Each structure stands twice: as C-alpha cells, then as structure tokens.
Student: 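Please find one structure pasted underneath; my questions will follow.
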Amino acid sequence: MDIKFIPIDYDYFDFEDKNYIRLIGKSESGKKICVIDSFEANFWVILKDGVKKENVDLLIEKIGKINIKKGSRESCVLRTEVCKKKYLGRDVSAIKVYVTNHKDCSAITSEIGDSDDIMARREHDINIVTKYIMEGGIKPMKWHSVSGDILAEDDMGGIGGCLDVDLCLKISTKKEIDDTPFSPKVLAYDIETTSRELGKGKILMISLWGEDFHKVLTWQDCSKKQDFVECFSDEASMIEGFVDYVKKYSPDILCGYFSDGFDLPYLRERAKKKKVKLDLGIDGKEPRFSRGIIPTGKISGIVHIDLYRFIAAVYSQYLASETLSLNEVASELIGSGKEDFDFDLLNNMNDDHWYDFFSYSLKDSEVTYKLFGKVWPDILEFTKIIKEPCFNVSRDRMASHVENYLLHNLSRFDEIAEKNPVHSEILSRKAMDKFEGAFVYEPTPGLYEDIVMFDFTSMYGSVIVTYNLSKTTLVEGDLDSGYEFSSELGFFPTLLAEIIDLRKKYKKEYNLSKDNLSKARSNAYKLLANASYGYQGFYGARYYSREAASSTTRLAKENILLTIDKIKDAGFKVLYSDTDSIAFLRGKKSRDEIMKLLFDLNKNLPGIMELDLEDFFQRGIFVTKKGGKKNEASVGAKKKYALLQESGKLNIRGFETVRRDWCQLARRLQSNILKEILVEGNEKKALEVLREVVSNVRSREIDLRDIIIKTQLKKELNEYASKGPHVAAAIKMEKLKMPVSTGMIIEYYVGEGKGKKIGDRVLLPSEKGKYDIDYYLKNQIFPAVLNIFEVFGVNVEEALAKQKQMGLGDF
DNA sequence: TCCCTACCGTGATG
DNA sequence: GTACATCACGGTAGGGA
C-alpha cells in the first residue's frame, strides 16, 4: 500500500525486544493514520588515534558478547560497524554499536566501560525519537510518500487494533515529497473551577472551541442557558462528556492556555477523584505527565499544545504585553481579549450570573483557538526547521532549539554528537567567573536634534561566523591574552552562517510578499541566530564553550569600539552605543553623506559583519543617572533614553514608562512629559502637565488603579533575605487566604501610616484606605520626571514653588 | 534614633 | 537546569555615631 502521509505526533513502543517508532498523522484525504517504522537502536564507541587493528578486533569481540538483563527484558549487541567519522571536528575511527533496545544503550555503554583504546562513547544519551529522525526517519510536519503493509488488528501484539485510527501501516519505504500546506484540526479547551488550587476545588465547566464546534459542558442545572451549554448530572459525567466530545471531534491538536500547568492536571485530578477515566489518547490511555517545575501533559496520538509555554519560551520577546496572561496576549495578538467575570460572585450565583459565566467560559476557548491560529505558523515553521516533533518544539526553550538544530544537521558533517554535560560538569561550569560582556557608551545628558542610528545585523552571530568561534575550532590561548581559533571553518559557524543567510533570504521574501509563511520562517531563523551566542555560553549545552562565548563578546566589543572611533574621525559626535548599535548626530551632513559613511564603514568590516542603518530620528533625550554623590559631576544614564522617529512615533527605552513595577500614574505622566518635550518641543507645557497631576494627587482625585504597583513574586516567600513591599503584600494576601504562588504578579498600593518601611504600609487593591500623598509624590511622581526636567536646567521643586507664589497653582 | 551605604530584588537593554 | 552580560534604581537591613 502506497500513501501520502504527514506525521504530527511521535511515540515508540517495544515488540519482541525491538524498538519501533509510532507516528500518528494524516493522509492526503484527511484520514487519521498510524505509521510504524522500524528503528535500530545504536550508539558510538570512538577509538583513540592509532589503536592497533588487533586491539580493535578484541574490543569488537568483547562488545559483541555483551548481554544485559533488566527485569523481564534482555538486551544484547546485535552487530557492530567500524566507520570513518568526525568527532568535534577531528577525523576518528569509531565503532557503531547496534543494540536490541534503545533503553539499554546507557547500560551497555557502561558495560563497555573505559579503556586505553576508547576515546569516548557517544549518542546513547539522545532520546529515541530524536535519534530516529537524525538517522533518516520521517521528518515532522513534512509530507512523505510511504509504502508498507496494513496491520491487522492482532498484528504486532495488537498494536493496530487498540488504536483509534483509520489505518495502521507498517512501512518499508519512505520518501519526503513536497511542501504542500497542512492545516491541522484543532480543538481549544478551557476549564472553570471553584479554586485555582489543584486538589481544593471542583471543575464547574469545560468549554470547547473548534471549527463549527462550540460547547460549554457543565453540571450546573440552570433554567436560563445558551444553546451551546450542555448540562450533565454531575462533575463525573461532565468529564466523561468531555472525553467523548474530544474523541468524536478527533482533533490533531488539543490546545489550551497554561493547560500543562492547570487545565490538564486539574482534569486528571478530578477524574481520579471521581473515578472516571480520562482516556483521551487514541490508544485509550490517560495523559502522561512528566515531572518538572511545570508538568508536561502528553496525550497519545493527539498533540497537546499549551500555547502559554511556546509564547513564554520563544514568542514573548516580540510582545509588548507586560504579563503573559491570556487576556493581555490575546488583546495584543488578535485584538480581542477575554470577557469580564467577577469571580467573587461564585459563592452566590443566580441564573443571570451563570448565564454570563457560560459565555465567559466559552470566550476563553474561542480566544485560545484564535490565538492558536495566530501562533501556529511560527510553531509549524520551527517544527520543520528544527526537525523535532511539535509537541517538544512548542515547549522547548531557545537553547534546546539551537541544540536540536545542530543534532539534526550533524550528519552532513559526518559528526558524532557530543554528550550532554553530567551534573558535576554543569556545577563546575556554573561556578566559573562571569566573563566580560557588551560595551555600553555613557551618553552626555541632553536634548539632541537629527540623530542617526546604525546597528550591526545579528552582531554576535556574525562575529561567531567571522572569527570561527566554537568548541570544536578552539586552538589555544587564555582569557587574558585571547583565544586562538582554527582557520578551518567548524560545523557550528558553518551552520550559523547558513542560518544568517536564510534569515536574510526570508526577510527579503517577506518584505516582498508580506505573507505569514515567510514571516514565520524569517522569525525562526532570526531567533536561532540570536540564540546561538547564548547557547555556547549556556552551561547545559552539549557544545558549551566559554572560550567561544567570551571571545564573541570581546571581538564584538573590539569591532564596535573601532567603528565608533571611525565615526568620530569622520567628524560626527557619537551620542550613545549599546552592544550592537551606535547613535550619533547627523550634524550638517545630508542623508546621502550618511549612507556614504555607512558604505565606507562596511567596506572595512571583517568577514560577514555588516553595519546597517537603523533609522534617522528627529530628536532624542538622554538623562542623568539618579543618586549620584553630592558634588560629583552628573553621570549620563545608560539604557535610558527616548528617540522621536521621523514618523512621529516615540521610542522610549529603559524609562519608568516601560517598567511594569511603577504605578500607571507615574508611567503615564512620564510618557506624556517625554511626548510634550520631544514631539511638541515644549518643556513649559510639560511643567503644566506635571503641575496638574501633582494637584490631582494632593486633592485625591486619582483612581485607585492608577496608583497600584505591580511586582512579580519571583521566589517562595520564605526565601527572601530582604522583604520588599511586594513580599509584605504577598504575606498579607496569604493571611487573607488569597492564593499566592511564585511567579504571580503582586498588586498593592501604599497607604498612610507611620511605619518606617514601605512594606508596613502596603494595602491590597481590595482594601479600602487612603493612599499616601507624600509617598506618591516623592517616590513615584517626582523620581519619574526630575531628571527629564534637569536636562533643561529646570529644578522641578523650585519651579512648582515659584508658580505657587505667582498664584498659578494651588497645591 | 538618625544617617549612610551595601546589598537585595526586579525589570529593563541589547 | 533550561541562552548571555550590563545597567538603573527603590527599598531594606544593619552598622556607626
């Protein structure tokens, strides 16, 4: 039988002491297909240089005899091959050892042990699906032409019979074919509970949203309910109803928001308590959870995607959202958020309340579904580029993505993969001193006109490629005198050069077509390029290289300092620079002359390093650093400035305006004042704006939500050495039996009182009280604007006092 | 008790 | 355990006068 097939989910199983890979996917006609492919588990024994032939033969003989019993399973070496390979860029001889079961690779590796002839044993620590794909297996989310035998129900231990699929095929050949688009069948879900805390509450309703399928399942009998509401007799039958609907809908992807951490574990817990089966898997099994800070819920045959995980791990850096709540993220990405519902009502609900609650619940699933549509092109492209199953791709962090990209491209270089660091290596890597990082130029505070900004494209990535910086190309040297790297290009810089090229290609393509696909591709390659520096400096990396990472920052710094000097030599005043960007005054030069300067600078840059025009700006402001010692010359603040684009848009960096741990009042005021000064060029008007806010604060005309300060709780309450206001607020919340957990954003405001510490005066938003006028003026309003006015030589307090004398203000 | 400062903690930049 | 270093700044904690 011949069939066109796209794999969506990967798994494996053992049959008669052999490993098989099980892929669930779709046929061209939309049938759900299970494909079974064989896989020969194996790993490498790398030989030392110049080992004698007879020693190799002895070693092979010894390896061939290994036999391991583990429980009921017996594992042995099937065969061995001696190959010419590369390891860390060097030519080696290596024995490829094929074994009966992947699970026993490590045990057999240990059995082989160390010897004078063995340099290393490798690739036994790569998971089976990754290894399968690395060795020519069916690639994720790509159409393949496969042929093989249809499995009858009782074939291979009944694997075909117990799966809820249209067809089960044991294949003998496979071939990647084309890039026809694929749209998965998606079902979004969301639950509402009586308590956020697992084990403390019940599930009140479950909502589902798919294409032409919208449902809210509940056990709350209610006279007034919408058509989409289906009422069950109790919580248990509601959960069973949920399982039935999921099976009937038969989605490729089941998708939630924070569902790894909340919805799925909650469902499992309630199902267990109520003794119902949560058998969502196509093999009739319940979701499997892996351990971790956040559990990971895997459903057999259906890809469970927690959108929050993907957004938090790779997508969030492009978002303006200050929190990653569904509401905020959805508002930004799809233009509509959740509905409002007052959860305090839960203890005392009438029919109207329930009616609203049903609608609220359904909206959550709808928003999740739409958000999925928005983010899916990125997950899909990442999956195809990284070549890992999308279950993993949607959860992995950038370091894993980089590493998986490397693993799946090693065969092109004949490379045997390096091992993961063991625990002790991770510890010693972490214990190392930090190395010097980026260069930041100290600006001279002031207001400037006509500013040009240049920046290096993929600065660190292009440095790594240009200077060939990687673990395998390091020759010698030390941190002080600098490391020397080989002139022969290593696989890491080679792959990175490709990534940077592909990024350019798809960026260009996107600029022409503006389609989602090239945008997602361009994004993915950009993220990979940017993460590659961090990867080499990450202690958990297989190809960790502190030498490469520290050389990257050192050489980047060297180049940007040289470029700054050249811009200065050309007669320009440099204002600022941070890592890969340089801002300077255009002076009387024309734009063409600036472009000529850019061209000349580029001519002399080494390798693939490239300087680009970021933008021309009308005006910009740099301010002084606060808290300098008395009588000390004022220092320009780094990472804190605002630039006005020609389009009129204001780029604000580092100021309190963009910091979520300042109250809205101070943030909005600061942003208005920056606008007044940069857009209107009117610092007098700015002073008026300030005066009005001060007056409003004094007369208590300020809305509570404008003075709320939000700070994230980053550790357990008892781990804090210094208990700041947000910790005090969190302790207060705990006393009131409100849920408090690490990672939460704590909200509070500062009330009147004598307490020495701010923490003694914090009030929760739900608490009635008077805000402390003095605190908000002295600790929020003034600090946010003082150093902006200082640029104009305006002393705010004096100016305000003066106005008072003139009768302009009554504060 | 007041004042100073080192350190803690968060969240920004790139 | 889950990419890197650099930076600003409020607030607390603790020592010295």
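Here is the naming used below: chain letters follow the sequence lines, and residue numbers restart at 1 for every chain. In what follows, every heavy atom counts, from backbone to side chain, and hydrogens, waters and symmetry copies are set aside. Keep in mind that this is a model prediction, so the values were computed, not measured.
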Student: May I ask you to check whether A:S522 and A:R503 show a side-chain donor-acceptor distance below 3.5 Å?
Tutor: yes

Student: Counting the atoms with a prime plus P, OP1 and OP2 as sugar-phosphate, which does A:F655 contact under 4.0 Å by heavy atoms, base, sugar-phosphate, or nothing?
Tutor: nothing

Student: Are any of A:Q536's side-chain N or O atoms less than 4.0 Å away from OP1 or OP2 of C:dA3?
Tutor: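 Looking at the OP1 and OP2 atoms of C:dA3, neither is under 4.0 Å from any side-chain N or O of A:Q536.
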
Student: Sequence neighbours excluded, which residues qualify as salt bridge (charged side-chain N to carboxylate O under 4.0 Å, His left out) partners of A:E547?
Tutor: none

Student: Does A:Y539 place a side-chain N or O at less than 4.0 Å from the phosphate oxygens OP1/OP2 of C:dT2?
Tutor: yes

Student: Applying salt bridge (charged side-chain N to carboxylate O under 4.0 Å, His left out), name anything that partners A:D661, two or more places apart in sequence or on another chain.
Tutor: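 With sequence neighbours excluded, A:D661 shows a salt bridge (charged side-chain N to carboxylate O under 4.0 Å, His left out) to A:R659, given in chain and number order.
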
Student: Where the side chain of A:H726 is defined as all heavy atoms beyond and including C-beta, which of B:dG9, C:dG1, B:dG14 is the nearest nucleotide?
Tutor: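 For the A:H726 side chain, the nearest candidate turns out to be B:dG9.
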
Student: So, using side-chain contact (heavy atoms from CB on, under 4.5 Å) as the criterion, who are the partners of A:K566 when residues are at least two apart?
Tutor: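 A:K566: side-chain contact (heavy atoms from CB on, under 4.5 Å) contacts with A:L601, A:N604.
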
Student: What is the distance from CD of A:E425 to C1' of C:dG1, rounded to the nearest Å?
Tutor: 14 Å

Student: Rounding to a whole Å, what distance do you find between A:R309:CZ and C:dT2:C1'?
Tutor: 10 Å

Student: Any side-chain N or O of A:Y775 below 4.0 angstrom from OP1/OP2 of C:dG10?
Tutor: no

Student: Side chains of A:Y467 and A:N559: is there a donor and an acceptor less than 3.5 Å apart?
Tutor: yes

Student: What is the distance, rounded to the nearest whole Å, between atom NZ of A:K526 and atom P of C:dA3?
Tutor: 19 Å

Student: In whole angstroms, how far is the P atom of C:dA5 from the OH atom of A:Y535?
Tutor: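 Atom OH in A:Y535 sits about 16 Å away from atom P in C:dA5.
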
Student: Base, sugar-phosphate, or nothing for A:Y641, non-hydrogen atoms under 4.0 angstrom?
Tutor: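 Sugar-phosphate: the residue A:Y641, judged by heavy atoms under 4.0 Å, touches backbone atoms but no base.
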
Student: Check side-chain contact (heavy atoms from CB on, under 4.5 Å) between A:A520 and all other residues, then give those that pass, not counting sequence neighbours.
Tutor: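 Only A:P377, A:D378, A:E381 meet the side-chain contact (heavy atoms from CB on, under 4.5 Å) criterion with A:A520.
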
Student: I want to verify a distance call: between B:dG14, C:dG1, B:dG9, whose nearest atom is closest to the A:H423 side chain?
Tutor: C:dG1

Student: Among residues two or more places apart or on two chains, list those pairs meeting side chain to side chain donor-acceptor pair (under 3.5 Å) that have a residue in residues 526-536 of chain A.
Tutor: A:E403-A:Y535

Student: Give one of base, sugar-phosphate or nothing for A:N779, where a contact means two heavy atoms less than 4.0 Å apart.
Tutor: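 Since only primed, P, OP1 and OP2 atoms lie under 4.0 Å of A:N779, the category is sugar-phosphate.
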
Student: Can you name the side-chain contact (heavy atoms from CB on, under 4.5 Å) partners of A:Y539, sequence neighbours left out?
Tutor: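 Checked A:Y539 against side-chain contact (heavy atoms from CB on, under 4.5 Å); matches are A:I426, A:R429, A:K430.
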
Student: In whole Å, what is the span from the CD1 atom of A:I426 to the P atom of C:dG1?
Tutor: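 After rounding, the gap between these two atoms is 8 Å.
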
Student: Could you state the CZ-C1' distance from A:R546 to C:dA5, rounded to the nearest angstrom?
Tutor: 12 Å

Student: What integer number of Å spans the P atoms of C:dT2 and B:dT10?
Tutor: 15 Å

Student: Are A:F391 and A:Y10 an aromatic pair, judged by ring center distance below 6.0 Å?
Tutor: no

Student: Roughly, in whole Å, what's the span from CG in A:D578 to P in B:dA12?
Tutor: 16 Å

Student: Output all residues satisfying side-chain contact (heavy atoms from CB on, under 4.5 Å) with A:N404, sequence neighbours left out; order by chain, then residue number.
Tutor: A:I386, A:E388, A:D396, A:S400, A:L407, A:H408

Student: Could you run down the sub-3.5 Å N/O contacts of the protein with nucleotides 6-9 of chain C?
Tutor:
{"from": "C:dT6", "atom 1": "OP1", "to": "A:G437", "atom 2": "N", "distance (Å)": "3.0"}
{"from": "C:dC7", "atom 1": "OP1", "to": "A:K638", "atom 2": "NZ", "distance (Å)": "3.0"}
{"from": "C:dA8", "atom 1": "OP1", "to": "A:K638", "atom 2": "N", "distance (Å)": "3.2"}
{"from": "C:dA8", "atom 1": "OP2", "to": "A:K625", "atom 2": "NZ", "distance (Å)": "3.3"}
{"from": "C:dC9", "atom 1": "OP1", "to": "A:K640", "atom 2": "NZ", "distance (Å)": "2.6"}
{"from": "C:dC9", "atom 1": "OP2", "to": "A:K626", "atom 2": "N", "distance (Å)": "2.7"}

Student: Whole Å only: how far is the CD atom of A:E322 from the C1' atom of B:dA12?
Tutor: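 Rounding to the nearest Å, CD of A:E322 and C1' of B:dA12 are 11 Å apart.
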
Student: Across nucleotides 12-17 of chain C, 5' to 3', mark each nucleotide with B, S or - according to how protein heavy atoms within less than 4.0 Å reach it.
Tutor: SS----

